[in-house]
Student: 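First the structure, which I've put down as C-alpha cells, then a few questions once you've had a look.
Throughout, protein chains are lettered first and strands after them, A, B, ... in sequence-line order, and every chain is numbered starting at 1. Values in this document were obtained by computation on a predicted structure and should not be read as measured data.
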Amino acid sequence: MEHLELFFKSIFIDNMVFATFLGMCSYLAVSKKVSTAVGLGAAVIFVMAVTVPMNWLLDQYLLRDGALAWLGPEYADYNLGFLSFILFIATIATMVQLVEIIVEKFAPALYNSLGIFLPLIAVNCAILGGSLFMQSREIPSLALAFNYGISSGIGWFLAILAIAAIREKIRYSNVPPALRGLGITFILTGLMAIGFMSFGGMLTGDNPVPEAPVEETATVVEDKKEELKEEKRADVISYNDLNK
Amino acid sequence: MGLLSKKDAALIKDPLFDNNPITIQVLGICSALAITAELKASIVMGLSVLFVLGMGNVVISLMRNIIPSKIRIIVQLVVVAALVIIVDQVLKAFAYELSKTLSVFVGLIITNCIIMGRFEAFALGNGPWKAFLDGIGNAGGYAIILVIIGFFRELLGSGTLLGFQVLGDPIAKTGVYALGYENNGFMLLSPMALIVVGLIIWVQRARNPKLQESH
C-alpha cells in the first residue's frame, strides 16, 4: 500500500515537471518531436531508477548525521551532510558514464536510439532533484527509494510525451507571432500543470472533502496521514492490551 | 563606462535583455521557478547564482588549458558543486529561515543549465576577466527575470512585497481591500510561474520582432 501510494503520488501529484519544475531545460529543448521525447524520457526513467537507490545508500551509510556509526562508536558523531551535493552529482555523472558503456556493449540497438541523450542526462536537474528530494523527504527504505526513482522518472516521461504531442499539433494553429515557439510552450505547460493539480485530491481517498479549495489539498492529505498513523498506533495499543 | 571597454560592457549588457538566458537561450529554468512565490527568495536565489556563475567562470577559465576535454563535464560539476556548498553553508548560517524555503533548490544550482552552458560556451575559450564579466551578465539576466516573476507573484498573490503589506490589510479591509479587492491565491501556486514567464516572453518578443521564432 505504501508502495502504491508513493508510486501514484510521485507520478501525478509531485510530478517532476509540473509540481517542481525539474528538468525544464531538456523538457523545453527536446520536446519538438514525439520520437526524440520518448527516447529522452526512457533514458531518464532508467538513470533515475539506478541513481536514486545508489544515493539512498550513500546517504544512509555515509552522509547523514551519525551514519558512520557502523564503522565503530568513535565515528558516530560525524555528520557529512554538507558533502551530499558533491557526492550525489559525482555518483550521477559516473553512473551515466557507466550506463552508457554498459548499454553500448550489451544493447547496441537501445544505445543507438538513446545514444545522444545519455550524456545530456548528467546535467538534467530532474535526476539530481530526485536524489535531493529523496534525501529531504527522508524516504525510509531502499525499496521505496527505488520505487521513488522509477515513478518520478515515469512522471517526467509522461510530461515530456504530452508536451511533445501538443507541440507537434500546435504547428497548425494560428498562434500570435510573438508567442510562437517558447512562449506558447510555457503557457501550455502552465495549463497542463493546473490540470495535474487536480490529481491532488486523489490520495484523500474516502475522505469526503469535495468542497476543499485547491490550496488546502496538500494539508488535507497530511491531516489524513496523521489520522491514519494515529489509528495504527491505537490498533497497536489495543493489540498489546489483548495480549496481556 | 570608463572602467570597461565597449566590448567588455557588451558582455554584461547583452545577456541582461536581448540575449537573456531564460527568455532567449532557454537555460536555467529548472531550479528557478519554484521559489519565485516570494520576492525575497527570488532575490537571494539571483544573488546565489550571481556568485556561483561569476566565480565558477573565473575558475574554469583559469583551468581551461589543463582540463582534459574528455572529463571536463565532471571537472565542471565538481567546481560548481564546491561553490554551491559554500553558498548553502552561508545561507544556513546567516539566513536559516530562507534556506528552509529554498530547500533543495540551492543544491539544484549545480545542474542549472545556465552554469554548464556558460562554462561550455564561454569560459573554456576566454580569459578570466572576460569570463567573469560574462558570468555576471548572464547571472544578472537570470536574476532580473526572477525578480520580475517574484514581484508579480508576491504582489498579486499575497498583497505583500518583501513581506510588507503594500496593498493594505486584507483582514481589517484597509487600502485597496476596502474597494473589494481580493488576493489571488492562485498566483502563489507553481503553474502561475510558468504562465508569468510565458507573458514576459510575449511582451519581450512583441517589442523586439527580431527575436520571434517561426515555430
Side-chain angles (χ1 to χ4, degrees), chain A residues 18-29 32 82-90 92-94 96-97 119 122-129 131-133 135-136 167 170-171 175-197 213-215, chain B residues 23-24 26-35 71 73-74 76-78 80-82 84-85 88-89 92 103-117 185-186 188-209 211-215:
Chain A
F18 297 131
T20 49
F21 304 115
L22 296 180
M24 282 297 273
C25 302
S26 23
Y27 168 84
L28 292 168
K32 283 192 179 135
F82 66 95
L83 282 178
S84 43
F85 294 158
I86 220 164
L87 272 180
F88 283 180
I89 196 72
I92 290 169
T94 42
V96 169
Q97 293 267 313
V123 285
N124 186 329
C125 337
I127 311 279
L128 181 63
S131 291
L132 291 176
F133 274 127
Q135 191 187 31
S136 72
R167 284 181 83 171
I170 210 161
R171 228 168 276 169
V175 179
L179 262 180
R180 260 174 215 163
L182 193 57
I184 194 71
T185 312
F186 266 110
I187 292 180
L188 278 174
T189 312
L191 294 178
M192 283 160 75
I194 295 173
F196 264 69
M197 272 169 50
V214 186
E215 300 108 279
Chain B
T23 61
I24 310 297
V26 207
L27 295 174
I29 299 138
C30 326
S31 60
L33 301 181
I35 45 89
I71 58 158
I73 296 215
I74 294 183
Q76 289 164 359
L77 285 175
V78 170
V80 191
V84 170
I85 288 175
D88 187 47
Q89 297 289 318
K92 272 190 184 143
S103 70
V104 301
F105 292 96
V106 177
L108 288 172
I109 297 177
I110 300 173
T111 47
N112 192 321
C113 329
I114 293 184
I115 293 177
M116 297 302 285
F186 208 52
L188 295 177
L189 299 174
S190 44
M192 286 314 287
L194 287 162
I195 294 182
V196 173
V197 178
L199 295 178
I200 293 175
I201 294 175
W202 192 2
V203 170
Q204 193 188 17
R205 296 193 179 178
R207 291 169 58 106
N208 190 350
L211 302 173
Q212 289 171 9
E213 296 171 52
S214 56
H215 265 297

Student: What part of A:Ala19 gets within 4.5 angstrom of chain B, counting heavy atoms only: side chain, backbone, both, or neither?
Tutor: backbone

Student: To check you understand the geometry: which heavy-atom pair defines the closest contact between A:Ala178 and B:Trp202, and what is its length?
Tutor: CB-CD1, 3.5 Å

Student: Where does A:Phe133 contact chain B at under 4.5 Å (heavy atoms): side chain, backbone, both or neither?
Tutor: both

Student: What heavy-atom pair brings B:Pro191 and A:Ile194 nearest, and what distance separates the two atoms?
Tutor: CB-CG1, 3.5 Å

Student: Which value, rounded to the nearest 0.5 Å, describes the distance between B:Ile110 atom CD1 and A:Ile92 atom CD1?
Tutor: 9.0 Å

Student: Considering all heavy atoms of both residues, which atom of A:Arg180 and which atom of B:Arg205 are nearest to each other, and what is their separation?
Tutor: O-NH1, 3.8 Å

Student: Roughly how far, to the nearest 0.5 Å, is the OG1 atom of A:Thr189 from the CG atom of B:Leu194?
Tutor: 6.0 Å

Student: Find the one option among B:Ile115, B:Val106, B:Asp88 whose heavy-atom pairs under 4.5 Å with chain A are most numerous.
Tutor: B:Asp88

Student: Begin from the C-alpha positions of A:Leu191 and B:Ile195 and carry the test side chain to side chain contact (heavy atoms under 4.5 Å, CB included) through to its verdict.
Tutor: CA-CA 8 Å; A:Leu191 294 178; B:Ile195 294 182; 4.2 Å; yes

Student: I need the minimum non-hydrogen distance between B:Leu77 and A:Ala93, along with the two atoms involved.
Tutor: CD1-CB, 4.0 Å

Student: Heavy-atom pairs under 4.5 Å with chain B are the metric here; pick the option from A:Ile187, A:Leu83, A:Ile184, A:Leu179 that has the most.
Tutor: A:Leu179

Student: Please classify the contact between A:Phe18 and chain B as side chain, backbone, both or neither, with a heavy-atom cut-off of under 4.5 Å.
Tutor: backbone

Student: Relative to chain B, which segment of A:Leu128 carries a heavy atom at a distance below 4.5 Å: side chain, backbone, both, or neither?
Tutor: both

Student: Measure across A:Ile86 and B:Ala81 and return the closest heavy-atom pair with its distance rounded to 0.1 Å.
Tutor: CG1-CB, 3.5 Å

Student: A:Ser136 versus chain B, heavy atoms under 4.5 Å apart: side chain, backbone, both or neither?
Tutor: side chain

